[in-house]
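All values below come from the heavy atoms of this structure, side chains included, with hydrogens, waters and symmetry mates left out.
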Amino acid sequence: MLIGDLSRRTGVRTHQLRYYESQGLLEPHRRSSGYREYGDDAVLTVGQIRKLLNAGLSTQEIAYLLPCVTGDGPDLEPCPQLLETLRTRLRGMDDHIETLSQTRQILNGYIKATERNVTEYDPSSGTGKGNEEHHVR
């Protein structure tokens, strides 16, 4: 099937399919005309790629794991360093969540402090508590 057919069957845009190919995730055959031709198994592979992307894996990680992937689950077969790759990604996500949580707390503190200062603020006039010094006429 051609790239447009694969796109229609999977719901994935052609530029994304070309990107997957550039990342080594899809390997189409080339016709003598230069057109990409995909086998029927490409539909399953694209589905697996999409699900692994939704799990937060990068295309580099997926390229490493794809030989271990079977079925449309996708299911992961034991392969060398498979679990270590997944655990490393999970640790990175946990670290990112912790950073976001801390950032959220700080931002929430700024909001609460600002709300305490705006109890007398009138946005239409530009006047209010703490605004006299900063108001430019």
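- We find the CG-CG distance between D95 and L100 to be 11.0 Å, quoted to the nearest 0.5 Å.
- Side-chain contact between L2 and L6 is absent, with no heavy-atom pair separated by less than 4.5 Å.
- If you chain together hydrophobic residues whose side chains sit under 4.5 Å apart, V46 and L44 never meet in one group.
- L83 is not listed as a side-chain neighbour of L76, based on a closest heavy-atom distance of 4.5 Å or more.
- Within 6.0 Å of CZ on R87 lie no more than 12 heavy atoms contributed by other residues, nucleotides or ligands.
- Under the side chain to side chain donor-acceptor pair (under 3.5 Å) criterion, E61 pairs with S58, R89, not counting sequence neighbours.
- The shortest side-chain heavy-atom distance between L66 and V69 falls under the 4.5 Å cut-off.
- With rounding to the nearest 0.5 angstrom, the CD1 atom of I3 is 8.5 Å from the CG atom of L26.
- Within 6.0 Å of atom CZ in R91, more than 12 heavy atoms from other residues, nucleotides or ligands are found, so the atom counts as buried in its surroundings.
- With salt bridges taken as basic N to acidic carboxylate O contacts below 4.0 Å, one links R9 and D40.
- Dense packing is recorded around CD of Q23, with more than 12 heavy atoms of other residues, nucleotides or ligands lying under 6.0 Å away.
- Of all heavy-atom pairs between D5 and R8, the closest is OD1-NH2, 2.7 Å.
- Contact detail for L25 and T59: the closest heavy-atom pair is CD2-O, 3.7 Å.
- In this structure, C68 and L82 approach most closely via the heavy-atom pair CB-CD1, 4.4 Å.
- Linking ILVMFWY side-chain heavy atoms closer than 4.5 Å, directly or via other members, places Y19 and V12 in a single hydrophobic cluster.
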Q | Pair C79-L65, side-chain contact (heavy atoms from CB on, under 4.5 Å): steps then yes or no | A | CA-CA 8 Å; C79 291; L65 297 176; over 6 Å; no

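- Taken to the nearest 0.5 Å, the CZ atom of R50 stands 9.0 Å off from the CD1 atom of I62.
- The side-chain heavy atoms of Y20 and H15, taken from C-beta on, include no pair separated by under 4.5 Å.
- One finds the CD atom of Q16 at 8.5 Å from the OG1 atom of T14 (value rounded to the nearest 0.5 Å).
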Name each donor-acceptor pair under 3.5 Å that joins a side chain in residues 31-39 to protein atoms two or more places apart or in another chain, with its distance.
from: R31; atom 1: NE; to: E37; atom 2: OE1; distance (Å): 3.3
from: R36; atom 1: NE; to: E21; atom 2: OE1; distance (Å): 2.5

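- For the pair S101 (side chain) and E98 (backbone), a donor-acceptor distance under 3.5 Å is absent.
- We find the CG-CG distance between L86 and L52 to be 8.5 Å, quoted to the nearest 0.5 Å.
- Between L57 and L53 there is no side-chain heavy-atom pair separated by less than 4.5 Å.
- Here T45 contributes atom OG1 and E27 contributes atom CD; the two are 9.5 Å apart, rounded to the nearest 0.5 Å.
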